[in-house]
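One structure is given below, encoded as structure tokens.
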2 protein chains.
Amino acid sequence: MDVGGTEDTIPMRRPDPEPPEGRGGARAVRSADPPLSGRTPLDRRRILGAAIEFVDRHGLAALTMRRLGSALGVEAMALYRYVPGREQLLDGVVETVIDELYGDPEVHMEAAHGWQDYLQRLAHGVRRIALAHPEVFPLVATRPPAAPWVRPPLRSLRWVESFLTVLTASGFTAESAVAAYRAYSSFLLGHLLLEVSQKGVQINAEDAPEGVSNTGTDLSQYPLVIELEELLSRDESDAEFEDALENLLGRLESVRREGRDGGRPGGFRA
Amino acid sequence: MDVGGTEDTIPMRRPDPEPPEGRGGARAVRSADPPLSGRTPLDRRRILGAAIEFVDRHGLAALTMRRLGSALGVEAMALYRYVPGREQLLDGVVETVIDELYGDPEVHMEAAHGWQDYLQRLAHGVRRIALAHPEVFPLVATRPPAAPWVRPPLRSLRWVESFLTVLTASGFTAESAVAAYRAYSSFLLGHLLLEVSQKGVQINAEDAPEGVSNTGTDLSQYPLVIELEELLSRDESDAEFEDALENLLGRLESVRREGRDGGRPGGFRA
DNA sequence: ACCTGAACACCGTTCAAGT
DNA sequence: ACCTGAACACCGTTCAAGT
């Protein structure tokens, strides 16, 4: 039903995303553009960058080989010279976004001040990325990992390698470093996924102009939800993140100590 | 590159999923099937059930209105009488899967043995569902919630209501019940998403028949990853889940106590 | 060397028409 | 009342052809 729906459907959030570089307006059709060809010849990096920007702007569902092509001023088929297909495009997007971490000066100086400091900065770095690309992050969380046998899919073996290096150098046994890796990534994944999807919803709730923000469900069945509405919708994500991260690091520290002493009486296992 | 690839692409994992009810072989074309019409007239529940089964079998990417239709012995267009569109179909799938919880006797007797017992059973119930429908679970974790202002998207207001009811009846303040709800769902989300995507990868790793399960990346750059391969690929998910859940519940108990006493010196905030 | 046109098989969705 | 055929606009992807 849903009569007179706004532009709420998924396939296309905006009709025409307008080619990103204005560079001379229409410049209609098929004539010259002399032998010095038409702009720089395209490459994988530029494609991935454009894809990320496109997803940030229009959402994942709107990303299409054809639309991405035209955002780059090119026909879709041209992309296939640089990217094997749509799925691999998405893999590349995930990898590129994760690799932003290594350009982040807050994160890059690995273990200068101990492993807890490193994990703190890493977590905040990942969080910054998640908040910067909320439409991309679910993809990061959801795609299968590069190496099938590395369990947690926060992808990018560089990341795993660096994590394990720092922890084993800080007194973690191999077992507890791996356990820590798992606990840490599942924490980040869960927390940030929640946070990002919250933000997404707040933003996408731009339709219902005022009053009953009710999405059609009958709320009267859920009195406590109504009563606690104010608390439930409050956004304390910064503080929540800080608290939960600190708690996790505390847990890891005790695992580390147990590992060092040889016994493993509680906490984690690998 | 990837020469001679097996049937590894996403769009169609199997060429023809064969109509699920054999019911009389070919029975070629357009003749009779007298006025007593062709089988039961389709309905929303049957459609959602078929969609879940289809996704479990063939993966999310393979679910298509047309293919789902033909799995039900019907043209795609017939589905639109019962479901407004593909997106809403997916919403329905998520809701149906989550609602399995309420048919689960392990979970349903709400707070018979205290809130910790309740949260234990609930977590295990959700985990059972995640493991039973690994292809559906990412959808559960990823779709926006029914009520925009309920932050964590483990959807289904019934679930939220029941959670809050039990906790506030067990001595949690409103604030700490909400904080507990958030911590609990982000834990479940992160942990199960990781676990499920691990399983999915293990299964989909059926292609590389033996030896180098390498996906093309150059592993030699990541010596520690190689060295710890055995540990990293080990599956202790049952024990890990148990440990992490127990730890979380311990944390919640201390929050509960603090809330009762009026002070809130550590742990969570709402 | 790099891009495009045309084509193919497949999508979601609408609507008038069949039974 | 319930389903289908035909149609529309849009996909991903291939490949021979253009420059």
Side-chain angles (χ1 to χ4, degrees), chain A residues 1-3 5 7-17 19 29-44 46-47 51 54 58-92, chain B residues 2 5 7-17 19 29-44 46-47 51 54 58-92:
Chain A
M1 304 310 144
D2 226 314
V3 191
E7 38 125 40
D8 200 6
T9 39
I10 286 83
M12 44 181 81
R13 304 213 185 166
R14 277 169 192 74
D16 48 337
V29 249
R30 60 195 49 219
S31 52
D33 246 345
L36 7 97
S37 70
R39 52 172 129 284
T40 33
L42 205 57
D43 69 25
R44 200 180 135 90
R46 220 151 62 80
I47 292 175
F54 191 99
H58 309 293
L60 198 54
L63 181 65
T64 262
M65 297 302 276
R66 289 169 132 112
R67 291 212 270 249
L68 178 57
S70 93
L72 284 159
V74 110
E75 301 296 313
M77 309 86 205
L79 304 176
Y80 287 86
R81 241 165 236 262
Y82 304 94
V83 154
R86 186 180 192 261
E87 288 308 307
Q88 294 87 340
L89 210 209
L90 296 184
D91 286 340
Chain B
D2 228 317
E7 39 125 39
D8 201 7
T9 40
I10 286 82
M12 41 178 84
R13 303 215 187 164
R14 276 168 193 73
D16 50 336
V29 249
R30 60 197 49 220
S31 51
D33 245 344
L36 6 94
S37 72
R39 52 174 126 281
T40 34
L42 207 55
D43 71 26
R44 202 180 134 88
R46 220 151 62 83
I47 291 176
F54 191 97
H58 309 292
L60 198 53
L63 181 65
T64 263
M65 297 300 277
R66 289 169 132 109
R67 291 211 269 248
L68 179 57
S70 93
L72 284 159
V74 113
E75 302 295 313
M77 311 85 202
L79 303 176
Y80 287 86
R81 259 201 200 242
Y82 304 94
V83 153
R86 185 179 195 262
E87 287 308 306
Q88 296 87 338
L89 209 208
L90 296 184
D91 287 339

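For clarity, every value in this text was computed on a predicted model and none was experimentally measured. Below, chain A is the first sequence line, B the second, and so on; all start at residue 1.
The distance from atom CG of B:Leu68 to atom P of C:dT13 is 12 Å, rounded to the nearest whole Å. Taking atom CG on A:Leu79 and atom P on C:dG5, their separation rounds to 14 Å, with Å as the unit. What separates CG of A:Leu72 from C1' of C:dC2 is a distance of 15 Å, to the nearest Å. The distance between atom CG of B:Leu63 and atom P of C:dC11, rounded to the nearest whole Å, is 10 Å. Rounded to whole angstrom, the span from the CE atom of A:Met77 across to the P atom of D:dT14 amounts to 12 Å. The separation between B:Glu75 atom CD and C:dT14 atom C1' is 15 Å, rounded to whole Å. To the nearest angstrom, C1' of C:dA1 lies 19 Å from CZ of A:Arg44. Per the geometry, CZ belonging to A:Arg67 stands 15 Å off P belonging to D:dT13, to the nearest Å.
The shortest distance between side-chain heavy atoms of A:Met65 and A:Leu89 falls below 4.5 Å.
B:Arg67 places a side-chain N or O within 3.5 Å of a backbone atom of B:Ala62 that can act as its donor or acceptor partner.
Note: A:Leu68 CG to A:Leu79 CG = 5.5 Å, rounded to the nearest 0.5 Å. Atoms CG and CZ, from A:Leu72 and A:Arg46 in turn, are 6.0 Å apart once rounded to the nearest 0.5 Å. With values rounded to the nearest 0.5 angstrom, B:Gln88 atom CD is found 9.0 Å from B:Arg44 atom CZ. How far CG of B:Leu42 is from OH of B:Tyr82: 5.0 Å, rounded to the nearest 0.5 Å.
In terms of phosphate contacts, B:Thr64 brings a side-chain nitrogen or oxygen within less than 4.0 Å of OP1 or OP2 of C:dG12. One finds a side-chain N or O of A:Tyr82 lying less than 4.0 angstrom from the OP1 or OP2 phosphate oxygen of C:dC3.
Of the listed nucleotides (D:dC11, D:dC3, C:dT13), C:dT13 has the atom at the smallest distance from the side chain of B:Ala76. For B:Arg86, whose side chain is taken as the heavy atoms from C-beta onward, the closest listed nucleotide among C:dC11, C:dT13, D:dT4 is C:dT13. In this structure, the nucleotide among D:dA6, C:dA7, C:dC2 sitting nearest to the side chain of A:Arg66 is C:dA7. In this structure, of D:dC2, C:dC3, D:dT4, it is C:dC3 that holds the atom nearest to the side chain of A:Pro41. In the set C:dT13, D:dC3, C:dT4, the nucleotide with an atom closest to the side chain of B:Met65 is C:dT13.
Here the shortest heavy-atom pairing between A:Ala71 and A:Phe54 reads CB-CD1, 4.3 Å.
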Item to complete: Dot-bracket notation for DNA chain D is requested: 5' to 3', Watson-Crick or G-U wobble pairs only, both distances under 3.5 Å, with ( ), [ ], | and . as defined.
Response: ||.|||||...|||||.||
